[in-house]
Number of protein chains: 2
Amino acid sequence: MPRLEKSDLQKIVGARIQKLREERGFTQVDLAGKIEGVFDTTNVSRLESGRTNPTLYNLHRIAEALEISLSELLDISEE
Amino acid sequence: MPRLEKSDLQKIVGARIQKLREERGFTQVDLAGKIEGVFDTTNVSRLESGRTNPTLYNLHRIAEALEISLSELLDISEE
DNA sequence: TTGTTTAATGCCATATATGGCAACATTGAA
DNA sequence: TTCAATGTTGCCATATATGGCATTAAACAA
């Protein structure tokens with residue numbers, strides 16, 4: 001399969017975050033609230049829709065809030 | 001174990017990149033050259049030393065260059 | 001209908017990741 | 001010694017992630 005472009009990677013990871021969030025019955029506001037420290041709900045929406053290129057630390061904080069490891073959050077081998 | 005702070009996470013991931021790079025016998029210049037597109041060697045040094053908070057796409061490109069999955073690159077369960 | 005919840009989006013300001021280059025120190029080979 | 005290779009750091013400019021807020025729209029309930 002071809003190289004994953006930046007925007008495609010963002011979309012895949014964003015869709016994965018959304019799927020994991022919905023599986024837990026969280027709204028975007030819920031998720032932002034569970035994330036350690038400051039995290040704007042606007043950012044949840046942007047990340048889930050793949051509009052931005054998230055940082056390591058934010059991915060880590062999202063994984064924490066979803067109670068999953070960073071490695072599992074970024075396991076996109078099924079995509 | 002306590003929450004991982006931002007700078008600690010950066011250091012752990014940076015050390016992991018360095019370890020994987022050295023296992024492959026690459027210099028920082030080699031690694032930067034193997035990364036798809038533009039990637040400055042200065043950035044390799046900064047990321048390995050944990051001074052910056054890398055983005056998803058750059059972590060993906062580094063994983064590609066190291067011929068490892070993104071998920072494996074970020075598997076820090078041993079740290 | 002009206003009101004609420006949820007999510008997306010536009011805008012702006014700020015913080016910071018990165019590119020790029022120069023300077024420097026260290027190491028080891030010639 | 002001199003030279004090259006390697007890595008770090010400081011600096012600056014640019015790109016972009018994020019915070020924060022307002023607006024909009026859809027879905028649904030009262």
Side-chain angles (χ1 to χ4, degrees), chain A residues 3-68 70 73-74 76, chain B residues 3-68 70 73-74 76:
Chain A
R3 254 203 96 249
L4 211 46
E5 298 293 337
K6 180 178 173 186
S7 75
D8 293 326
L9 175 68
Q10 292 175 188
K11 285 184 180 65
I12 289 170
V13 171
R16 178 152 174 77
I17 292 170
Q18 178 176 20
K19 174 171 173 286
L20 292 163
R21 171 178 65 78
E22 291 177 343
E23 282 174 359
R24 286 156 178 73
F26 298 161
T27 66
Q28 292 183 350
V29 174
D30 291 337
L31 180 59
K34 288 174 187 294
I35 292 173
E36 173 76 24
V38 174
F39 205 100
D40 201 90
T41 60
T42 305
N43 204 20
V44 175
S45 177
R46 284 187 295 222
L47 295 183
E48 286 191 357
S49 57
R51 284 182 174 70
T52 54
N53 182 15
T55 60
L56 172 64
Y57 183 59
N58 280 347
L59 291 166
H60 168 75
R61 289 198 292 164
I62 291 166
E64 274 185 322
L66 293 171
E67 297 179 283
I68 191 178
L70 178 61
L73 177 63
L74 297 177
I76 55 179
Chain B
R3 256 202 94 249
L4 211 45
E5 297 294 338
K6 181 178 173 187
S7 74
D8 292 326
L9 175 68
Q10 291 176 190
K11 284 184 180 67
I12 288 170
V13 171
R16 178 154 175 77
I17 293 171
Q18 178 176 19
K19 174 171 174 284
L20 292 163
R21 172 178 63 80
E22 291 177 344
E23 282 174 0
R24 285 156 178 72
F26 298 161
T27 66
Q28 292 184 348
V29 173
D30 291 336
L31 180 60
K34 288 174 188 294
I35 292 173
E36 173 74 25
V38 174
F39 205 100
D40 201 89
T41 61
T42 305
N43 205 18
V44 175
S45 176
R46 284 187 295 222
L47 295 183
E48 286 191 357
S49 57
R51 285 182 172 72
T52 54
N53 181 18
T55 60
L56 172 65
Y57 183 58
N58 280 348
L59 290 166
H60 168 75
R61 288 198 292 163
I62 291 167
E64 275 184 321
L66 292 172
E67 298 178 283
I68 191 178
L70 178 61
L73 177 63
L74 295 177
I76 55 179

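Each chain gets a letter, A, B and so on, in the order its sequence line appears, and its residues count up from 1.
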Rounded to 10 degrees, the angle between the two terminal axes of the helix from C:dT1-D:dA30 to C:dA30-D:dT1, each from five pairs: 30°
Residue-phosphate contact under 4.0 Å: A:Q28 side-chain N/O, C:dA8 OP1/OP2: yes
Sugar-phosphate, base or nothing in reach of B:T27, heavy atoms under 4.0 Å: sugar-phosphate
D:dT6 phosphate, OP1 or OP2, under 4.0 Å from B:R21 side-chain N/O: no
A:R24 to A:L66 - nearest heavy-atom pair and separation: NE-O, 2.7 Å
Check ion pair B:R21-B:E48 (N to O, under 4.0 angstrom): yes
Worked verdict on B:I76 versus B:L9 for side-chain contact (heavy atoms from CB on, under 4.5 Å): CA-CA 9 Å; B:I76 55 179; B:L9 175 68; 3.7 Å; yes
Heavy-atom closest contact (B:Q10 atom, B:G50 atom, distance): NE2-O, 2.8 Å
Taking every non-hydrogen atom, the tightest pair across A:Y57 and B:L4: CE1-O, 4.1 Å
What protein N or O atoms touch nucleotides 10-19 of chain D N or O atoms at under 3.5 angstrom, if any, and at what distances?
| from | atom 1 | to | atom 2 | distance (Å) |
| --- | --- | --- | --- | --- |
| D:dT18 | OP1 | A:T55 | N | 3.3 |
| D:dT18 | OP1 | A:T55 | OG1 | 3.2 |
| D:dT18 | OP1 | A:N58 | ND2 | 2.5 |
| D:dT18 | O5' | A:N43 | ND2 | 3.4 |
| D:dT18 | O5' | A:N58 | ND2 | 3.4 |
| D:dG19 | OP1 | A:V38 | O | 2.9 |
| D:dG19 | OP2 | A:D40 | N | 3.2 |
| D:dG19 | OP2 | A:N43 | ND2 | 3.2 |
| D:dG19 | N7 | A:R46 | NH2 | 3.0 |
| D:dG19 | O6 | A:R46 | NH1 | 3.4 |

Spatial distance of atom OG1 (B:T27) from atom CG (B:D30) [nearest 0.5 Å]: 3.0 Å
Rounded distance (Å) that lies between atom P of C:dT6 and atom CG of A:D30: 7 Å
Enclosure of A:E23 CD (heavy-atom neighbours >12, cutoff 6.0 Å): yes
Sidechain N-carboxylate O distance under 4.0 Å for A:R3, B:E64: yes
